[in-house]
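What follows is a short report on a single structure.
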Amino acid sequence: GKKSLRQKVVDELKHYYHGFHLLWTDTKVAARMVWRLLHGQVLTRRERRRLLRTCADLFRLVPFLVFVIVPFMEFLLPVFLKLFPNMLPSTFETESKREEKLKKKLNARLELAKFLRETIAEMAKRNKADTG
């Protein structure tokens, strides 16, 4: 069914609350990782990726806060998200956007694999023709 305006507003506020909460948690974990780095410990690949993602999210937060703080500017947020799709911090992405991004990445990998397979097959044909 359709949601009332009040329910839509409440859902958006919950979404922002959870996004900021996740970003705060990620920031605390990243601060611990930086502390470990400064004391000479080595990060795993997974920790390094999480640290980079959190730093990128903190830099993306600055333009996002402009939309949240300036009154009525949040109505322009969908327009800017259409123009700059990676503007939102990763903690604010919806599940459907995350799935869509994963599907695009998978399709790109499949296309690359198809291209490489065709290239190898073509090279094998050439080598077979040259030797035979």
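Numbers for residues simply follow the sequence, beginning at 1.
- At a threshold of 4.5 Å between non-hydrogen side-chain atoms, the residues Val62 and Val66 do not count as touching.
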Begin with the C-alpha distance, continue with both residues' side-chain angles, and end with the deciding distance and a verdict on side-chain contact (heavy atoms from CB on, under 4.5 Å) for Asp57 and Leu61. CA-CA 6 Å; Asp57 285 348; Leu61 185 66; over 6 Å; no
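- In terms of hydrophobic clustering, with Ile, Leu, Val, Met, Phe, Trp and Tyr side chains grouped at heavy-atom distances under 4.5 Å, Leu52 and Val42 are assigned to different clusters.
- Hydrophobic clustering (ILVMFWY, side-chain heavy atoms < 4.5 Å, transitive): Val70 and Phe64 are in one cluster.
- To the nearest 0.5 Å, atom CZ of residue Arg49 and atom OG1 of residue Thr44 are 9.0 Å apart.
- Taking Ile, Leu, Val, Met, Phe, Trp and Tyr as members and joining any whose side-chain heavy atoms lie under 4.5 Å apart, directly or through other members, the hydrophobic cluster of Phe115 also contains Leu112, Leu116.
- Sequence neighbours left out, the pairs with a member in residues 99-123 that pass side-chain hydrogen bond (donor to acceptor under 3.5 Å, both in side chains) are Glu93-Lys101.
- With a 4.5 Å cut-off between side-chain heavy atoms of Ile, Leu, Val, Met, Phe, Trp and Tyr, the cluster of Leu106 takes in Leu110.
- Checked against salt bridge (Lys or Arg N to Asp or Glu O under 4.0 Å), Asp26 has the following partners two or more places apart in sequence or in another chain: Arg50, Arg53.
- In this structure, NE2 on His39 lies 4.0 Å from CH2 on Trp35, to the nearest 0.5 angstrom.
- Summarising the geometry, atom CG belonging to Leu51 is positioned 6.5 Å from atom CG belonging to Leu37; distances are rounded to the nearest 0.5 Å.
- Pairing each heavy atom of Phe67 with each of Met87, the nearest pair is CE1-CE, 3.5 Å.
- Tracing side-chain contacts under 4.5 Å through hydrophobic residues (I, L, V, M, F, W, Y), one reaches Leu65 starting from Leu83; they form part of the same cluster.
- Transitive grouping of hydrophobic side chains (ILVMFWY, heavy atoms separated by less than 4.5 Å) brings Leu77 and Met73 into a common cluster.
- Put simply, Met33 and Leu22 are part of two different groups of oily side chains (I, L, V, M, F, W, Y) that touch within less than 4.5 Å, one to the next.
- Listed by first and then second residue, the salt bridge (charged side-chain N to carboxylate O under 4.0 Å, His left out) pairs that reach into residues 29-43 are Arg36-Glu47, sequence neighbours excluded.
- Within the structure, side-chain hydrogen bond (donor to acceptor under 3.5 Å, both in side chains) contacts touching residues 2-23 (residues at least two apart or in different chains) are Lys3-Asp11, Gln7-Asp11.
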